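One structure is given here, and the rest of the page talks about it.
What you see is a predicted model; the values in this text were computed from it and never measured. Reckoned from all heavy atoms, side chains included, excluding hydrogens, waters and symmetry mates.
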Amino acid sequence: MDTIFAMATAQGKAGVAVIRLSGLNAHAAAERLTGSPVPARGMLVRTLYGGDGARLDDGVVLSFSGPASFTGEDVVEFQIHGSLATTEAILRRLAELDGLRLAEPGEFTRRALENGKLDLAQVEGLADLIDAETEAQRKQAQAVLAGALGQVAEEWRRKLIRAAALLEAVIDFADEEVPTDVTPEVQGLLGEVRAQLAHQISGVRIAERIRTGFEVAIVGPPNAGKSTLLNMLAGREAALTSEIAGTTRDVIEVRMDLGGLPVTLLDTAGLRDTGDVVEGMGIALARRRAESADLRVFLTDDLAATGIPMRDGDIHVLPKADQRDTVDGAVSGVTGQGIDVLVDRIGQVLKTRSASAGIATRERHRQAMLKADDALTHAEGILDSGPEMYDIAAEELRTAIRALESLVGRIDVENLLDEIFASFCLGK
């Protein structure tokens with residue numbers, strides 16, 4: 001297998017840049033660049049030289065021997081000065097060496113997966129950690145990267161293997177004096193796994209929202225101050241505001257960190273009856289986005305006039321607190337009146353919902369768990385038919401086990417790998 005190399009830090013000028021190598025020739029390549037032996041595992045300060053012996057840079061050389069490395073292979077990292085010219089010169093020198101090539105996106109992590117250093121769920125957790133923008137995203141990604149999902153899946157798998165073994169024992173030794181009534185223990189094991197699966201399946205949607213972001217739509221009639229409120233929450237002029245009703249025609253989106261949670265605020269067109277075709281299209285879009293949003297903030301004096309029923313957790317506030325004699329329950333995007341209270345309310349609703357998040361974070365995870373749960377449901381029904389149907393029940397258990405193995409990438413995931421690793425940078 002080729003030895004690969006790539007920048008492990010972002011492109012551009014920096015104080016320090018890291019170039020990573022992985023593969024059988026990693027240590028030999030480091031010795032070519034430094035002109036001196038590199039230990040199997042260690043840290044050195046060395047001068048790096050070009051093919052003509054010219055000095056390229058001074059840097060720290062870190063070396064690791066497989067399998068005790070990130071990829072499970074021999075790995076070397078050069079920590080060098082982060083100028084564009086320096087990094088380019090060293091990358092060119094590496095490309096000149098036989099047996100070395102530039103890594104493809106995510107190839108270091110892919111080798112870690114292939115060498116058993118990470119399971120597929122951990123790879124996804126690593127991708128999420130790199131993309132994390134908020135504290136909640138970081139914590140969730142760290143849990144997955146640490147192997148939490150794989151550990152739970154392995155515990156489920158262990159219980160199902162035990163259940164299958166009990167059934168197989170009865171099938172294989174039907175003519176011998178072995179206990180034949182293993183149904184209660186098997187049903188107990190299946191019940192435990194199904195209860196835990198149900199909890200994780202129900203928590204996937206919220207976990208996905210933590211990963212991708214909650215949507216909070218601001219809805220109300222024209223000139224209620226929705227765009228002004230959005231601008232105040234965003235801390236910048238994200239939406240055009242004016243005294244002319246119907247100024248907002250499209251949905252304006254602003255991404256923000258709200259109490260550690262990723263939130264996309266949506267400013268929508270004012271809800272009213274209109275003969276303007278373009279404004280009507282904007283209002284129709286506003287209604288669709290409000291319907292699909294995780295949470296709606298109704299900025300209006302008259303809830304019924306919006307034509308959108310409130311859902312559990314939705315928030316109703318009165319508009320233009322700066323123009324009212326009584327400001328209770330009102331907000332103003334002009335003066336900031338009531339904004340802190342509104343932000344706290346939004347944060348509390350989303351944090352309460354986030355508490356139900358599981359450690360499974362993707363639709364792929366949910367589908368694998370649903371498949372396992374479906375097989376276990378069939379197995380439980382078959383067990384009621386007695387020992388003569390144990391062979392069919394055992395096959396359903398094997399189906400459930402295979403579904404759980406696909407959850408962490410043991411089987412049936414080749415078609416997913418290219419898509420997953422395409423989102424990685426070259427040095428990861």
Exceeds 12 heavy-atom contacts within 6.0 angstrom, atom CG of L24: no
Sorted by first residue and then second, give each salt bridge (Lys or Arg N to Asp or Glu O under 4.0 Å) pair with at least one member in residues 2-15; sequence neighbours left out. D2-R101
Excluding sequence neighbours, so at least two apart, what forms salt bridge (charged side-chain N to carboxylate O under 4.0 Å, His left out) with D374? none
Assess whether a salt bridge exists between E135 and R138, defined as any Lys/Arg side-chain N lying under 4.0 Å from an Asp/Glu carboxylate O. yes
Does R211 have any side chain to side chain donor-acceptor pair (under 3.5 Å) partners at least two apart in sequence or in another chain, and if so, which? none
Just do the side chain to side chain contact (heavy atoms under 4.5 Å, CB included) check on V254 and L233 with the steps written out, would you? CA-CA 9 Å; V254 174; L233 291 170; over 6 Å; no
Per the salt bridge (Lys or Arg N to Asp or Glu O under 4.0 Å) rule, what does the pair list look like for residues 59-85, sequence neighbours excluded? R20-E77, E73-R111
For the side chain of Q137 and the backbone of D128, is there at least one donor-acceptor N/O pair under 3.5 Å apart? no
Polar side-chain atom of D57 near backbone of H81 as donor-acceptor pair, under 3.5 Å: yes
Are E208 and R366 within salt-bridge range, i.e. N to O under 4.0 Å? no
Could you list the residues that satisfy side-chain contact (heavy atoms from CB on, under 4.5 Å) with A217, not counting sequence neighbours? V219, L266, A293, R296
Which salt bridge (Lys or Arg N to Asp or Glu O under 4.0 Å) pairs, counting each pair once, include a residue from residues 40-52, with sequence neighbours left out? none
